[in-house]
Amino acid sequence: MPHLPSPERQELLLTRLATLIRQRGCGPWVNAPLLTPDDRWFPDRWTPDAAGARVVLRRLMRYAGLDRLDLHLQVVQRRGKVQALDAYGRPSQTWHSGAIGWFAGIDELGKCHFGLDASQVVDPEALVGTLAHEVAHAYRRHHALEAPDQGVEEELTDLTTVFLGFGLFTTNGSYRYRASGLDGDALAGVQWSHQQAGYLPPEDFSFLLAAQTVSRDAAPAQVKALAASLEPNQRAFFKTARKHLGRDRQALLDRLGVPPRDGWPPPPDLARLTRPQESSEPARPAPTSARPAINQGMPVFRVPTHRGDVIGPFGAVAGLVAALVAGLGGLAALAVIGASWLGARGAGRALTLRDECSDPDCAEVIPAGAEVCPACGGLVAGSIRSRNDRLEAEEDWLARQGPAIELEARSEDVVG
């Protein structure tokens with residue numbers, strides 16, 4: 001596999017990049033923070049649901065200089081076709097037709113409209129890459145940069161993600177390869193997964209990211225951190241491209257129309273850009289590795305649970321102690337013990353009621369309003385009384401869906 005785009009492709013990428021720099025200035029190219037998956041750049045509280053996706057989207061809008069625009073995000077659930085099963089016969093890979101995320105335009109009131117497939121909400125790093133592409137679409141629409149040819153525009157949008165500082169996420173998203181033992185046990189067999197997103201190949205993304213670090217004359221520590229966060233193939237492409245472009249940095253700056261450093265605009269206010277959006281909430285980094293989404297794309301259900309059966313025996317013990325202190329015996333003592341047990345059990349049911357995931361292998365608490373289980377990635381499809389009812393409920397839910405869940409956005413409004 002070649003580590004560099006062809007010479008003709010390199011020239012095309014640099015020409016497109018020079019045009020974008022001429023249109024919007026070199027500020028983002030040389031000064032925008034190069035985002036990495038850590039809480040410095042993503043300090044907001046992360047939840048794997050629609051609310052968490054909106055928080056990530058708002059932050060990317062801020063980094064792109066679009067934070068004055070309002071936004072609307074529609075997260076939809078679409079039924080997938082199972083492509084692979086894990087060692088227990090559960091879906092481990094599904095296929096969804098159509099876009100996994102989309103920018104649907106800016107209305108007359110200045111509100112940006114976005115959409116997202118719910119299956120993308122589970123993996124935070126993939127979510128950032130998906131939304132970065134859509135925010136780049138909004139950036140190009142807002143600044144009247146769009147090309148008339150949709151195929152060309154999609155490639156230019158990918159290029160714009162690197163220009164804006166989002167390149168690590170979109171470079172990684174351009175190709176991911178995973179190999180692991182089934183259920184974590186290499187002796188049980190090996191399963192592979194390949195994921196691709198974006199319109200530029202990984203060699204192009206890596207070349208652009210390398211050009212950005214060479215243009216900035218980035219510090220070795222920053223380059224090392226970026227390389228360490230890249231997928232293995234992209235890391236190799238990035239290092240080769242840096243070596244190639246770094247042979248004549250001035251020629252690269254001249255080719256892109258980037259002035260000497262003393263002619264660069266002032267850097268952005270990082271304190272403002274990285275200020276948490278929800279100051280009252282504890283900070284958790286958004287783009288970190290999630291637990292395996294064993295039910296991604298499949299329905300799960302809320303199972304109301306409580307601590308009554310655990311607290312009840314403590315009440316019985318308290319009743320026994322009270323009966324002994326009062327000198328009661330026989331039926332009177334049994335009545336006190338029984339009443340204490342029932343009272344403690346009732347208090348436990350009333351005070352600690354919560355919803356858990358219906359999958360016995362998950363059983364994670366599902367927060368109120370969550371559309372996706374935070375642990376297994378299942379689509380929350382309703383509530384059932386007991387886990388014993390889950391298989392019947394899943395069959396009923398799938399039967400009601402029909403061939404797919406239609407998107408509410410009109411197809412002609414969907415871009416990318």
Side-chain angles (χ1 to χ4, degrees), residues 35 37-39 41-64 66-67 69-78 80 94 96 98-106 111-139 157 161 164 166 168-170 172-173 195 197-198 274 276-278 281-291 293 295-300 364 366-381 405 407-409 413-416:
L35 304 185
D38 59 68
D39 57 2
W41 307 118
F42 296 88
D44 310 301
R45 182 176 180 271
W46 160 248
T47 54
D49 52 24
R54 291 186 185 96
V55 168
V56 172
L57 182 55
R58 289 192 188 97
R59 178 153 297 283
L60 293 175
M61 293 276 283
R62 181 186 294 182
Y63 286 134
L66 302 177
D67 45 329
L69 299 177
D70 197 3
L71 67 90
H72 174 262
L73 173 65
Q74 181 184 24
V75 178
V76 300
Q77 297 177 350
R78 288 187 284 175
T94 58
H96 294 270
I100 58 179
W102 56 93
F103 166 63
I106 303 176
K111 177 182 287 188
C112 294
H113 293 265
F114 299 91
L116 184 68
D117 183 345
S119 67
Q120 292 299 300
V121 178
V122 179
D123 182 345
E125 192 167 336
L127 172 68
V128 174
T130 296
L131 293 181
H133 180 88
E134 306 316 322
V135 168
H137 266 307
Y139 179 89
T157 301
T161 67
L164 293 173
F166 307 159
L168 174 72
F169 293 95
T170 50
N172 274 344
Q195 294 177 320
T274 59
Q277 300 176 64
E278 300 172 311
E281 295 285 357
R284 283 179 60 191
T288 55
S289 297
R291 291 169 59 182
N295 290 316
Q296 181 172 327
M298 298 297 293
V300 296
E364 180 75 12
I366 300 179
E371 299 176 356
V372 177
C373 175
C376 71
L379 307 177
V380 179
I405 299 177
L407 302 181
E408 294 181 16
D413 293 333
V414 177
V415 180

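Owing to the predicted nature of the structure, the values given are computational and were not obtained by experimental measurement. Computed over heavy atoms, backbone and side chain alike; hydrogens, waters and symmetry mates excluded.
Across every non-hydrogen atom of L131 and A53, the tightest pair is CD1-O, 3.6 Å. Scanning both residues, T170 and A132, for their nearest heavy atoms gives CG2-CB, 4.1 Å. Taking both residues in full, the closest heavy atoms of M61 and L71 are given as CG-CD2, 4.1 Å, listed atom of the first, atom of the second, then distance. Of all the heavy atoms in A64 and V135, the pair that sits closest is CB-CG1, 3.8 Å.
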Worksheet entry | Trace of the side-chain contact (heavy atoms from CB on, under 4.5 Å) decision for V75 with E371 | CA-CA 9 Å; V75 178; E371 299 176 356; 4.1 Å; yes
Discussion item. F114 vs L57, test: side-chain contact (heavy atoms from CB on, under 4.5 Å). Steps then yes/no.
Written reply: CA-CA 9 Å; F114 299 91; L57 182 55; 3.5 Å; yes
Discussion item. Go through it in stages, so that I can follow the logic: the residues are V300 and V372, the test is side-chain contact (heavy atoms from CB on, under 4.5 Å), and I'd like the CA-CA distance, side-chain angles, deciding distance and then a yes or no.
Written reply: CA-CA 9 Å; V300 296; V372 177; over 6 Å; no
Discussion item. Would L168 and L35 count as a side-chain contact (heavy atoms from CB on, under 4.5 Å) here? Give the steps.
Written reply: CA-CA 7 Å; L168 174 72; L35 304 185; over 6 Å; no
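Atoms CZ and CG, on R54 and L116 in that order, are 10.0 Å from each other to the nearest 0.5 Å. A distance of 8.0 Å separates CG of L164 from CG of L66, quoted to the nearest 0.5 Å. To the nearest 0.5 angstrom, W102 atom CH2 is 6.5 Å from D117 atom CG.
Taking the side chain as every heavy atom from C-beta outward, H72 and C112 never approach each other to under 4.5 Å. Contact check for Q277 versus R45: no side-chain heavy atoms found under the 4.5 Å cut-off. The shortest distance between side-chain heavy atoms of L127 and F169 does not fall below 4.5 Å. Using a 4.5 Å heavy-atom cutoff, the side chains of E134 and H137 are in contact. Between I106 and H113, the closest side-chain pair of non-hydrogen atoms is not below 4.5 Å. Residues P374 and E364 have side chains in contact (heavy-atom distance under 4.5 Å, counting atoms from C-beta outward). For the pair V56/W46, a side-chain contact is recorded, criterion being any heavy-atom separation below 4.5 Å from C-beta on. Considering only heavy atoms from C-beta on, K111 stays 4.5 Å or farther from L69 through its side chain.
Taking the six-membered ring wherever Trp is involved, the centroid distance between the rings of F166 and F42 does not fall below 6.0 Å.
Judged purely by atom type and a 3.5 angstrom limit, Y63 has no side-chain atom pairing as donor or acceptor with the backbone of R58.
Look at R59 and D44 and you find a salt bridge, because one of the NZ, NE, NH1 or NH2 atoms lies within 4.0 Å of a carboxylate O, short of that distance.
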